Participant: 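Questions regarding the structure given below will be posed in turn.
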Amino acid sequence: MSSDQSYVDYVCDQISASGPVSFRKMFGEYAIYCNGKVVALVCDNQLFVKPSAAGRNLIGSPVEAPPYPGGKPWFLIEDQLEDRTWVSHLIRLTELETPAPKPKAAKKVKKTTGSAK
């Protein structure tokens, strides 16, 4: 089952105090970005936050589950999503520990051989 756009909008609203938040649809689900870094996934209308040491310290004993079949476990955020301050703080801590994405390689331009008349 894919996630609803309305649920993704709700998640983004709840975490909006963490910094610039955006999302991107991928394979019927969504990646959530903060300051251009992937910090969470929304899969099957559930919020999964990227594991981090600071996040683990904040949560205490997190529920961990894979966001999709065969995936590594992420922190599953359930009732705490209702607490805007807490969940925004978690996302901010996660963003601070997440490295910046690697720059994309420039596309190579094909050279043509031969002469044009």
Side-chain angles (χ1 to χ4, degrees):
M1 174 176 95
S2 62
S3 296
D4 299 325
Q5 178 69 49
S6 61
Y7 183 77
V8 175
D9 292 339
Y10 170 71
V11 168
C12 289
D13 184 56
Q14 289 296 97
I15 65 173
S16 61
S18 61
V21 174
S22 61
F23 63 87
R24 182 174 175 194
K25 190 168 187 170
M26 293 185 191
F27 309 108
E29 301 298 355
Y30 295 84
I32 306 293
Y33 295 79
C34 181
N35 285 321
K37 301 175 187 177
V38 175
V39 292
L41 301 173
V42 172
C43 300
D44 293 329
N45 285 339
Q46 295 179 300
L47 177 62
F48 296 87
V49 174
K50 188 175 203 169
S52 67
R56 187 174 301 280
N57 287 337
L58 178 67
I59 298 169
S61 297
V63 173
E64 296 184 65
Y68 50 87
K72 293 182 180 183
W74 286 41
F75 299 152
L76 176 59
I77 308 304
E78 297 171 301
D79 296 337
Q80 300 108 324
L81 182 57
E82 299 298 319
D83 184 343
R84 294 171 63 100
T85 303
W86 184 88
V87 75
S88 289
H89 184 59
L90 173 61
I91 294 297
R92 183 69 180 140
L93 291 173
T94 303
E95 184 271 323
L96 290 171
E97 284 194 18
T98 301
K102 295 179 183 177
K104 293 183 179 181
K107 292 184 178 181
K108 293 182 180 180
V109 178
K110 280 188 173 182
K111 290 185 179 181
T112 57
T113 57
S115 60
K117 290 187 180 183

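Just so we're clear, the structure is a prediction, and the values are computed from it rather than from any experiment.
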Participant: Any non-hydrogen side-chain atom of I77 less than 4.5 Å from a side-chain atom of W86?
Facilitator: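 Yes - at least one pair of side-chain heavy atoms lies under 4.5 Å apart.
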Participant: What do the steps show when you test E64 against F75 for side-chain contact (heavy atoms from CB on, under 4.5 Å), and what is the final call?
Facilitator: CA-CA 5 Å; E64 296 184 65; F75 299 152; 3.8 Å; yes
Participant: So how far is it from S6 OG to N45 CG, rounded to the nearest 0.5 Å?
Facilitator: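 If I round to the nearest 0.5 Å, the distance is 7.0 Å.
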Participant: Spell out, yes or no, whether M26 and L41 are grouped together once hydrophobic residues are joined by side-chain heavy atoms under 4.5 Å, including indirect joins.
Facilitator: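 Yes, M26 and L41 fall within the same hydrophobic cluster.
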Participant: Should L47 and V87 count as side-chain neighbours, where that means a heavy-atom distance under 4.5 Å?
Facilitator: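 Yes, side chains in contact.
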Participant: Does the pair R84 and S16 meet the rule for a side-chain contact (heavy atoms from CB on, under 4.5 Å), with working shown?
Facilitator: CA-CA 8 Å; R84 294 171 63 100; S16 61; 3.5 Å; yes
Participant: Side chains of T98 and V38, heavy atoms from C-beta outward: is any pair under 4.5 Å?
Facilitator: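 T98 does not reach V38 side chain to side chain.
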Participant: If you define the side chain from C-beta out and look only at heavy atoms, does anything of P67 sit under 4.5 Å from Q46?
Facilitator: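 In short, these two side chains do not touch, never coming nearer than 4.5 Å.
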Participant: Testing the basics here: between S88 and S18, what is the closest heavy-atom pair and its distance to 0.1 Å?
Facilitator: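 Of all heavy-atom pairs spanning S88 and S18, the closest is O-CB, 3.2 Å.
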Participant: Calculate, to the nearest 0.5 Å, the distance between atoms CD and CD belonging to Q14 and Q80 respectively.
Facilitator: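 So the gap between those two atoms works out to 12.5 Å.
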Participant: Taking a hydrophobic cluster as the set of Ile, Leu, Val, Met, Phe, Trp and Tyr residues connected by side-chain heavy atoms closer than 4.5 Å, whether directly or through intermediates, do L96 and V21 fall within one such cluster?
Facilitator: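 L96 and V21: separate clusters.
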Participant: Of all the heavy-atom pairs spanning I32 and C12, show the shortest one and how long it is.
Facilitator: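 Scanning both residues completely, I find the closest heavy atoms to be CD1-SG, 4.0 Å.
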Participant: Evaluate R92 against N35 for side-chain contact (heavy atoms from CB on, under 4.5 Å), listing each step before the verdict.
Facilitator: CA-CA 9 Å; R92 183 69 180 140; N35 285 321; 3.1 Å; yes
Participant: Can you tell me how far apart CZ (R56) and CG (L93) are? Round to the nearest 0.5 Å.
Facilitator: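 Rounded to the nearest 0.5 Å, the CZ-CG separation comes out at 13.5 Å.
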Participant: Under 4.5 Å between side-chain heavy atoms, counting indirect links through other Ile/Leu/Val/Met/Phe/Trp/Tyr residues: same cluster for F48 and V39 or not?
Facilitator: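 No, because F48 and V39 fall into different hydrophobic clusters, even though each may have its own neighbours under 4.5 Å.
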Participant: A side-chain contact here means heavy atoms from C-beta on lying under 4.5 Å apart; do Q5 and F23 qualify?
Facilitator: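 Yes, at least one pair of side-chain atoms sits under 4.5 Å.
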Participant: Is there a path from L76 to V11 through hydrophobic residues (I, L, V, M, F, W, Y) whose side chains come within less than 4.5 Å of each other?
Facilitator: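 L76 and V11: separate clusters.
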